Number of protein chains: 4
Amino acid sequence: MATTPGPARVLRSQGLRTKARLLEAGMQVLGERGYRATRVDDVVGRAATSHGTFYLYFQNVGEMFRALAHVAADDMAALADELGPIAPDAGGRKGLRTFLGRFLETYERHGPVIRAWAENQVDDPDLISLGLDTFGGIASVLRERMDDAGVTHLPDAAVATTVLLGTIERLVYYATSRPLELDDGALLDELAGMLHRGFFGASR
Amino acid sequence: MATTPGPARVLRSQGLRTKARLLEAGMQVLGERGYRATRVDDVVGRAATSHGTFYLYFQNVGEMFRALAHVAADDMAALADELGPIAPDAGGRKGLRTFLGRFLETYERHGPVIRAWAENQVDDPDLISLGLDTFGGIASVLRERMDDAGVTHLPDAAVATTVLLGTIERLVYYATSRPLELDDGALLDELAGMLHRGFFGASR
Amino acid sequence: MATTPGPARVLRSQGLRTKARLLEAGMQVLGERGYRATRVDDVVGRAATSHGTFYLYFQNVGEMFRALAHVAADDMAALADELGPIAPDAGGRKGLRTFLGRFLETYERHGPVIRAWAENQVDDPDLISLGLDTFGGIASVLRERMDDAGVTHLPDAAVATTVLLGTIERLVYYATSRPLELDDGALLDELAGMLHRGFFGASR
Amino acid sequence: MATTPGPARVLRSQGLRTKARLLEAGMQVLGERGYRATRVDDVVGRAATSHGTFYLYFQNVGEMFRALAHVAADDMAALADELGPIAPDAGGRKGLRTFLGRFLETYERHGPVIRAWAENQVDDPDLISLGLDTFGGIASVLRERMDDAGVTHLPDAAVATTVLLGTIERLVYYATSRPLELDDGALLDELAGMLHRGFFGASR
DNA sequence: TATGAATGAGTGTTCATTCAT
DNA sequence: TATGAATGAACACTCATTCAT
C-alpha cells in the first residue's frame with residue numbers, strides 16, 4: 001500500500017527503468033512545449049514506449065507532473081539548507097554567488113517544473129501549495145540571512161524577500177531559456193553583485 | 001461585403017461595440033486561463049455573443065491575441081517616452097517610482113498579454129518580435145538613463161538592463177496576480193528604492 | 001403572384017439589375033468552385049452586394065441555382081430545334097459540325113450548370129428531371145436524325161444516342177475547361193468527323 | 001509508438017482490418033456523396049468505428065482519398081498493360097471489347113475516385129498529376145495501338161485519343177451509375193463497335 | 001431596396017484515457 | 001510488463017440563413 005497515488009505495484013528493475021525513462025522524457029517535453037502543451041503522445045514517443053505503458057506507471061498526466069514536482073521540490077529544499085550567512089563583505093558576496101550557482105544548476109535540472117509553478121500554470125491545489133512551500137522555504141532562509149546581516153534599511157522584509165526571489169528566478173530563467181551572448185558565469189556575477197548591494201547592505 | 005474578417009469589412013457602431021466586447025472578454029479569459037488555455041467558448045460566453053460572431057471579427061483566436069498585443073505594445077511604447085532622467089538623489093528616486101507606478105497601471109490593463117510574452121508562450125514569430133521590440137525599447141531607455149546618471153559600476157550594462165526589466169516585470173506580475181497582504185504602493189516604493197540603489201548609484 | 005418560387009415581389013429596374021448581377025456572379029463562382037463548393041459569400045462578394053440582399057432575391061442558394069438552370073435548359077432546348085437532317089455526305093457532316101459549334105457556345109454560357117447536371121451533383125429531384133428532360137430532348141432529336149439518315153447498323157439506338165450525347169458533352173467540357181493546345185475549331189472538326197462516321201453511316 | 005498516423009506506425013492484423021474497413025467505407029461514401037460531400041462522420045458510421053479511430057489511420061480526409069487514389073492508379077496502370085494490338089478485323093474488335101470489359105470492372109471498383117479525377121474535383125496538385133499520368137498512360141497505349149493499326153485518317157491523333165478516352169470514361173460512368181434498362185454487355189458491345197469503326201479503321 | 005450583424009447547427013481534428021491481447 | 005487499438009468529449013472554425021436598421 002503505497003502512500004503515493006497510482007497503481008500500488010512493486011516495480012522490478014525493468015519497470016523502474018521504464019518509469020525513469022518516462023519521467024526523463026516528460027521533463028524534456030515539458031521544457032520544450034510547456035505545461036499546457038505537453039502531450040502524452042510526445043512523452044511516450046520520446047521514451048520509445050507506448051500509451052498503454054504510460055498508464056501502467058501513472059494514473060494520468062497530472063500524476064507524472066506531480067512526480068516530477070516532488071523531485072524538484074526536494075532538490076530545491078536541499079538548496080536552501082546550503083545557504084550560509086552572508087556578510088556585507090567580499091566573502092558574503094562570494095557565498096551569495098555560490099548559492100546562485102547552485103540555484104542555476106537546480107534550475108537546469110528542474111526548470112520546466114519550476115517555471116510551471118512560477119508562471120501559475122498549475123491547477124492542482126496540492127501542487128500549488130508544494131510550490132509555494134518550496135519557494136517560501138528558500139525565501140525564509142534568505143530573509144534569515146538578511147536579518148543575520150543586520151540589514152535594517154528595508155521597510156518591509158517580506159516584500160523585499162519576494163522581490164529578491166522573484167528576481168533570482170526570472171534571471172535564472174533567462175539564463176537557461178535563451179541563448180544569451182554572455183555566459184552564465186558573468187550573469188551570475190552581475191546578479192550576485194546587485195543583490196548583495198541591494199539587499200545585504202554591501203557598498204560598491 | 002463578405003463575412004470573413006479583414007480590412008475589407010466596414011464596421012458600424014454596433015459592430016465596433018461587439019468587437020470591443022470580444023476584446024475585453026478575450027483579455028479577461030486570457031488573464032484567468034492563460035494563453036494556451038484560452039477557449040473561444042469562454043470568450044464568446046463572457047462577451048454574451050455567439051461562436052459565429054467571434055469569427056466575424058477575428059480570423060482565429062491568434063488574431064484576437066494579435067489585436068490585443070498591438071494595443072499593449074502601443075501603451076508600453078508610450079510608457080518608455082515618459083521616463084525622464086533619473087539622478088541618484090531623492091528626485092531621481094521619485095521619478096523612478098512614478099515610472100513604476102505607470103508601469104503597474106499599464107500592466108493592470110495588459111498584464112495577460114505581457115505575461116504571455118514574458119513567459120515565452122507565443123509561437124507567432126511576428127508577435128515574438130513585437131514583444132522583444134517593445135521590451136527592448138523600454139530597456140534601451142532605461143539604459144540611456146543609467147548612462148546619463150553616470151553609472152559606471154556595472155560591468156555589463158546590457159545584462160544589467162535585462163536583469164532590471166525582468167525584475168520589474170516579474171514583481172509587477174506578483175503585485176497584480178496574487179492578493180498580496182501588502183498594498184501595491186508599498187511594493188513599488190520598495191522596488192523603486194532597491195532599483196535606485198542597485199542600478200542608478202543611489203546610496204542609502 | 002409569380003409562378004416561380006421566392007418572394008412574390010415586383011422588381012423595378014434597380015432590383016432587376018441587382019438580381020442579374022447576382023445571377024452572373026453565381027454562374028462565375030459555380031464555374032470556378034463547382035456546385036458543392038459555391039458559397040453565398042463568394043457570390044455576394046463578386047456581385048458587390050451583401051448577404052441580406054441575396055436573400056431579397058432568392059429564398060436560398062438552391063433557388064439561385066434553379067434560376068440559372070432554367071435559363072440553361074431553355075437555351076439547350078432551343079439548340080435542339082436547330083438541328084436539321086444529317087445526311088451521310090459532306091453536307092451532313094457540315095450540319096453536324098455547325099450543331100456542335102452551337103453546342104459549344106451554349107456550353108460556354110451555361111457550362112457550370114450543365115456540368116452539375118452531367119456529373120450528378122444536384123440533389124433536387126425537380127432539377128434532376130429538368131436536366132434529364134433537356135438532355136433527353138436533344139438526344140431524341142439526334143436519334144430522329146439518325147433514323148432519318150437510314151442508319152440501321154446500330155443494334156440499340158437508345159444506347160447509341162446516350163453514347164453520342166455523353167461523348168459530345170464530355171468533349172465540349174474538355175474544350176471549355178482546360179487550356180488545350182489545339183483550338184476549339186480543330187477539336188470540333190475532329191469530333192464531327194468521328195460522330196459522322198460512327199453514327200451517321202458516313203465513310204471516310 | 002505515437003498515435004499519429006504515418007510510416008512510423010506499425011499495424012498489426014486488427015489495425016490492418018480496421019484500416020481496410022475504413023477505406024472500403026470511404027469508397028462507398030465517395031461514390032454516394034461525391035468528393036466534396038464526403039463526411040468523416042459517414043465514413044466512420046459505415047465502418048462502424050469512431051471518429052478518433054479514423055484519425056489513427058489517416059491524417060485527414062484528404063489522405064484517405066490519396067490512399068484510395070493510389071490503389072486506383074495502380075489498377076488502371078495494370079489495365080493499360082493488357083491492351084494488345086487491335087486490327088481492323090473481327091479479332092481486333094474482340095480485343096477492344098475485352099479491354100472495355102476490363103475497364104468497366106476497374107471502374108466498378110474505383111469509380112468514385114476515377115470520377116473525382118475526371119470531374120476535376122481534386123485540389124491536391126500531386127493527385128491531379130497522378131490522375132493525369134494514369135489517364136495519360138492509357139491514352140498513349142491506345143494511341144500506339146492506333147498507330148500500329150495503320151490508322152491514318154485522323155488529322156490529330158492527340159485530340160482523337162482524348163476524345164476516345166473521354167468517351168470511354170463517361171460511358172462507363174453511365175453504365176455504373178444509373179440503373180440503365182439495357183445491360184452492361186450490350187452497352188460495351190455497342191461502344192466497342194463504334195470505337196472500332198471510329199478510331200481503328202474498321203468498316204461495317 | 002440595401003446592408004451589416006448575429007446565429008447555431010455542422011464538420012474536421014485532437015487527445016487523454018481505457019481495453020484486449 | 002508491454003503495446004496497438006479504440007473511444008468520445010472537447011475544441012476550432014465554416015456557412016446558410018435570419019434580423020434590425
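Residue numbers begin at 1 in each chain, while the letters A, B, ... track the order of the sequences. What you see is a predicted model; the values in this text were computed from it and never measured.
Here E:dT13 presents its C1' atom at 13 Å from CD of D:E63, a figure rounded to the nearest Å. One atom, CE of C:M64, and another, P of F:dC15, lie 15 Å apart when rounded to the nearest Å. One interatomic measurement links the two molecules: CG of B:L22 to P of F:dC13, which rounds to 14 Å at whole-angstrom precision. Here the P atom of nucleotide E:dT3 and the CG atom of B:L11 are 16 Å apart, to the nearest Å. Here the P atom of nucleotide E:dT13 and the CD atom of D:Q59 are 10 Å apart, to the nearest Å. Atom pair C:L56:CG and F:dT18:P shows a separation of 13 Å (rounding to whole Å applied). Between the C1' atom of E:dT1 and the CZ atom of C:F54 lies a distance of 16 Å, rounded to the nearest Å. Rounded to whole Å, atom C1' of F:dA2 lies 15 Å from atom CZ of A:F58.
Considering only side-chain N and O atoms, D:T53 lies nowhere under 4.0 angstrom from the phosphate OP1 or OP2 of F:dA5. Note on D:Y55: every side-chain N or O is 4.0 Å or more away from OP1 and OP2 of F:dA6. The phosphate of E:dA6 has OP1 or OP2 within less than 4.0 Å of a side-chain N or O from B:Y57.
Expressed to the nearest 0.5 Å, how far OH of A:Y35 lies from CD of B:Q121 amounts to 13.0 Å.
Using a 30° and 60° split on the angle between ring planes, D:F58 and D:F54 fall in the tilted class, from 30° to 60°.
Counting only heavy atoms from C-beta outward, the side chains of B:R36 and B:D123 approach each other to under 4.5 Å. Looking only at side-chain heavy atoms (C-beta outward), D:H51 and D:D41 come within less than 4.5 Å of each other.
The closest donor-acceptor contact from the side chain of B:T49 to the backbone of B:G45 lies at 3.5 Å or more, if one exists at all. Side chain of B:W117 to main chain of B:L127: a donor-acceptor pair is present (N/O by atom type, distance under 3.5 Å, no hydrogens or angles).
When distances run from any side-chain atom of C:N60 to the nucleotides F:dT17, F:dT3, E:dT3, the shortest one goes to F:dT17.
For residues 18-35 of chain C, the set of pairs meeting the salt bridge (Lys or Arg N to Asp or Glu O under 4.0 Å) definition, not counting sequence neighbours, comprises C:E32-C:R46, C:R33-C:D42. The salt bridge (Lys or Arg N to Asp or Glu O under 4.0 Å) pairs that include a residue from residues 53-62 of chain D number zero, where partners must be two or more places apart or lie in different chains.
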For B:F65 and B:V122, what are the C-alpha separation, side-chain angles and deciding distance, and is it a side chain to side chain contact (heavy atoms under 4.5 Å, CB included)?
CA-CA 10 Å; B:F65 183 76; B:V122 188; 3.9 Å; yes
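Taking a pair as Watson-Crick or G-U wobble with both distances under 3.5 Å, DNA chain F forms stems of 3 or more consecutive pairs at E:2-21 with F:2-21.
Closest of all the heavy-atom pairs between D:T134 and D:A73 is OG1-CB, 3.6 Å. Taking every heavy atom of both residues into account, D:Y55 and D:N60 meet most closely at CE2-CA, 3.9 Å.
The side-chain hydrogen bond (donor to acceptor under 3.5 Å, both in side chains) search around D:T38 returns none, not counting sequence neighbours.
Listed by residue number, the members of residues 12-21 of chain A with any heavy atom below 4.0 angstrom from DNA chain F are A:R12, A:Q14, A:T18. Within residues 34-51 of chain B, the residues approached by DNA chain E to less than 4.0 Å at the level of any non-hydrogen atom are B:T49, B:S50, in residue-number order.
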